[in-house]
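We count residues from 1, following the sequence as given.
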Amino acid sequence: MSEPSRVFYKGKEIDFIVFVDSIEALDEYKKEIKSGNKPALVDTISQFKIYKNSQGTGSTGEFETASKLELSVEFGDNKSIEDDIIPFILQNGEILASGNINKGRFQSTNDTKGTFSH
């Protein structure tokens, strides 16, 4: 199975990003949708959050959670993140392979940095 990836949706004023567990999981999700089924999002994504670049546009950089107001402006009022917006982004967004999304968080780059000896 491949690594987590980003699905990028170019909005009218703000761009949005959803992280998927793998490209294969997203492909399976889309296949189920096309066959008329409603697959469970939990099999495709781990976090039910929609992100945006801190600058508002683009698919890279520092991400922050998109606000309800930003989502409402782009997708309309009374839309559910789980039932409406995330599925829309997954179906209409562009997959961006993210290779090693968590690499910086979990791998040491210099074990001696910051050590103190007497």
Value for OG1 (T65) from CD1 (I17), rounded to nearest 0.5 Å, stands at 11.0 Å
Inset, instruction - Determine, stepwise, if the pair Y51 / V18 fulfils side chain to side chain contact (heavy atoms under 4.5 Å, CB included). - result: CA-CA 6 Å; Y51 296 92; V18 172; over 6 Å; no
The complete set of side chain to side chain donor-acceptor pair (under 3.5 Å) pairs with one or both residues in residues 73-95, sequence neighbours excluded, reads S72-D77
Of all heavy-atom pairs linking G58 and N53, the shortest is O-CB, 3.7 Å
Residues passing the side-chain contact (heavy atoms from CB on, under 4.5 Å) test with D15, sequence neighbours excluded, are F8, K10, T57
- prompt: Is there a side chain to side chain contact (heavy atoms under 4.5 Å, CB included) between I45 and F19 once you walk through the steps?
  reply: CA-CA 7 Å; I45 62 174; F19 288 93; over 6 Å; no
Applying ring-ring contact (aromatic ring centres under 6.0 Å, His included) to F88 and not counting sequence neighbours gives Y9, F75
Hits for side chain to side chain donor-acceptor pair (under 3.5 Å) against S46, two or more places apart or cross-chain, chain-then-number order -> D21
So the salt bridge (charged side-chain N to carboxylate O under 4.0 Å, His left out) pairs with at least one residue in residues 42-71 (sequence neighbours excluded) are K52-E64, K52-E70
One should read off an interatomic distance between L71 CG and S67 OG, to the nearest 0.5 angstrom, of 6.5 Å
Show, in sequence, the C-alpha distance, side-chain angles and deciding distance for Y29 and V20, and conclude whether the side chain to side chain contact (heavy atoms under 4.5 Å, CB included) test is met. CA-CA 10 Å; Y29 175 85; V20 294; over 6 Å; no
(message) Would the distance check show the side chain of R6 and the main-chain N or O of I95 forming a donor-acceptor pair, the cut-off being under 3.5 Å?
(response) no
Contacts satisfying salt bridge (charged side-chain N to carboxylate O under 4.0 Å, His left out) that involve residues 30-40 (not counting sequence neighbours) are E28-K31
Problem - Cluster link V73 to I14, ILVMFWY, side chain under 4.5 Å - result: no
field: Pair I33-L90, side chain to side chain contact (heavy atoms under 4.5 Å, CB included): steps then yes or no
entry: CA-CA 11 Å; I33 292 288; L90 294 179; over 6 Å; no
Margin query: Could you tell me if the side chain of F16 sits less than 4.5 Å from the side chain of V7, heavy atoms only?
Written below: no
To the nearest 0.5 Å, atom CD1 of I86 lies from atom CG of L41 at 6.0 Å
Smallest heavy-atom separation, T44 atom then A25 atom, equals OG1-O, 3.8 Å
